[in-house]
S.K.: 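Here you go, one structure.
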Protein chains: 2
Amino acid sequence: MARAGLTTERLTQAGAELADEVGFDQVTVSALARRFDVKVASLYSHLRNSQDLKTRIALLALEELADRAADALAGRAGKDALTAFANVYRDYAREHPGRYTAARLRLDPEAAAASAGVRHAQMTRAILRGYDLAEPDQTHAVRLLGSVFHGYVSLEMAGGFSHSAPDSEQSWSRTLDALDALLRNWPAP
Amino acid sequence: MARAGLTTERLTQAGAELADEVGFDQVTVSALARRFDVKVASLYSHLRNSQDLKTRIALLALEELADRAADALAGRAGKDALTAFANVYRDYAREHPGRYTAARLRLDPEAAAASAGVRHAQMTRAILRGYDLAEPDQTHAVRLLGSVFHGYVSLEMAGGFSHSAPDSEQSWSRTLDALDALLRNWPAP
DNA sequence: TAATTTGCCTAAAAGCTTTAGGCAAATGGA
DNA sequence: TCCATTTGCCTAAAGCTTTTAGGCAAATTA
């Protein structure tokens, strides 16, 4: 029989597409095999197990996100950088809901340290160079920004802000205004 | 044979405990049956299906959270109320990680409208009475607060802030300071 | 071309979900 | 108290996902 040309990379990529189509937690080794018109057991030569597949999708999503963020950040500073960076997350989540969910997967410490998660933290710090924050407030601010971006996007994705006025677009824009104002007037302890 | 005394309520309660012990997505009808030393099929007289169980756990968690929040809010205003409210979420997530995850489950619009989620929004609005915000900024602020609380707690739960200084306790405290300052100096559009 | 490696296959066990139908325990009326 | 009905948990069975083991044929290398 002809071979399907499976590789770990193609499976990961297809898994990411599947996640966007049917939701990350509907991603299953079986569904992936179906998509390649191949028997399930065949995938186990390329993937350790189901968890391995999910982890790979998560790492892929983190890389993609970091690449987009780096791109958006280039040549920008201050509020301009803040806005561009935040929009990368929101837009990515809208374009790729399954991948975005994957990116939030809990990784084991080693995997996390080797992942693009590190780049995300560095870029957030880079944004703060446009504001005047010394340690440890800078770290607090990094965490706050991460919380707002992740929190807003995930609540919005869950439908929390639909069906009520004003529309989410406006709240997002005003949230970024508020964060910018906050970073410029960071309160003393 | 003696009867086990299953009811939808007992199953939901036990499901919530199970979620805290093994993680919300490890909650399964089979595991629950095992816990009651009963055959799996028996649960289907009390639960429509697996999704039904998960939804019930989510609704239970939302109620518990709202009850705690209402309690914490009583007699408080301003930053005091803000802090107490925020800590309810964080503490609940620490005490009951499975339930907290359940509370973030995406509910269908009808279920969501009938859930305690509505109370949460009302209470957040109540906190804002201590600050001087008119609509539509009040709604924007409600959404921002929700995002920060959910975002922070969920990143912390995922281990995002461990293994690095300063400890999460301090960032949390400074985040609440920052939010208070922000609400007192909410920027004009 | 022969030897080796690689890739996908069949087979099978084990666990979760869900439906259908049955017997026994609880309940309540006569 | 006894009988009828309801209720609760059971057995059985089908369908799906995960994962391991072992096999044959295609691709690669010598």
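Bear in mind the structure is a predicted one, so any value in this text is a computation, not a measurement. Naming convention: chains lettered A, B, ... in sequence-line order (proteins, then strands); numbering from 1 in each chain.
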S.K.: Please determine if a side-chain N or O atom of A:S50 lies less than 4.0 Å away from the OP1 or OP2 oxygen of D:dT18.
M.R.: yes
S.K.: How long is the span from the CD atom in B:E64 to the CZ atom in B:R68, to the nearest 0.5 Å?
M.R.: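 Result: 7.0 Å between the selected atoms.
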S.K.: Using a heavy-atom distance cut-off of less than 4.0 Å, which residues of residues 5-28 of chain B contact DNA chain C?
M.R.: B:T28
S.K.: To the nearest Å, how far apart are A:L53 CG and D:dT19 C1'?
M.R.: 14 Å
S.K.: Throw together a table of side-chain donor-acceptor distances under 3.5 angstrom for residues 53-62 of chain B, partners on residues two or more places apart or in other chains.
M.R.:
unit_1 : atom_1 : unit_2 : atom_2 : d
B:T55  : OG1    : B:Q51  : O      : 3.0
B:R56  : NE     : B:D52  : OD1    : 3.3
B:R56  : NE     : B:D52  : OD2    : 3.3

S.K.: Ring pair (Phe, Tyr, Trp, His ring centres under 6.0 Å) with B:Y89: which of B:H120, B:H96, B:H150?
M.R.: B:H120
S.K.: Which of residues 34-49 of chain A have a heavy atom under 4.0 Å from DNA chain C?
M.R.: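 Contacts with DNA chain C under 4.0 Å: A:V38, A:K39, A:A41, A:S42, A:S45, A:H46.
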S.K.: Remember a base hit wins even if backbone is also touched, and classify A:A4 as base, sugar-phosphate or nothing at under 4.0 Å, heavy atoms.
M.R.: sugar-phosphate
S.K.: Side chains of B:N49 and B:Y44: any donor to acceptor distance under 3.5 Å?
M.R.: no
S.K.: With a 6.0 Å cut-off (strictly less than), is the heavy-atom count around CG of A:D108, excluding the residue itself, greater than 12?
M.R.: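 Correct, the count exceeds 12.
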S.K.: Quick test of your reading of the model: are A:R174 and A:E169 salt-bridged, counting only N-O distances below 4.0 Å?
M.R.: no
S.K.: Could you tell me the separation between the CG atom of B:L82 and the CG atom of B:L179, rounded to the nearest 0.5 Å?
M.R.: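 One gets 6.0 Å once the value is rounded to the nearest 0.5 Å.
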S.K.: How about CZ on A:R48, more than 12 heavy atoms from neighbouring residues, nucleotides or ligands closer than 6.0 Å, or not?
M.R.: no
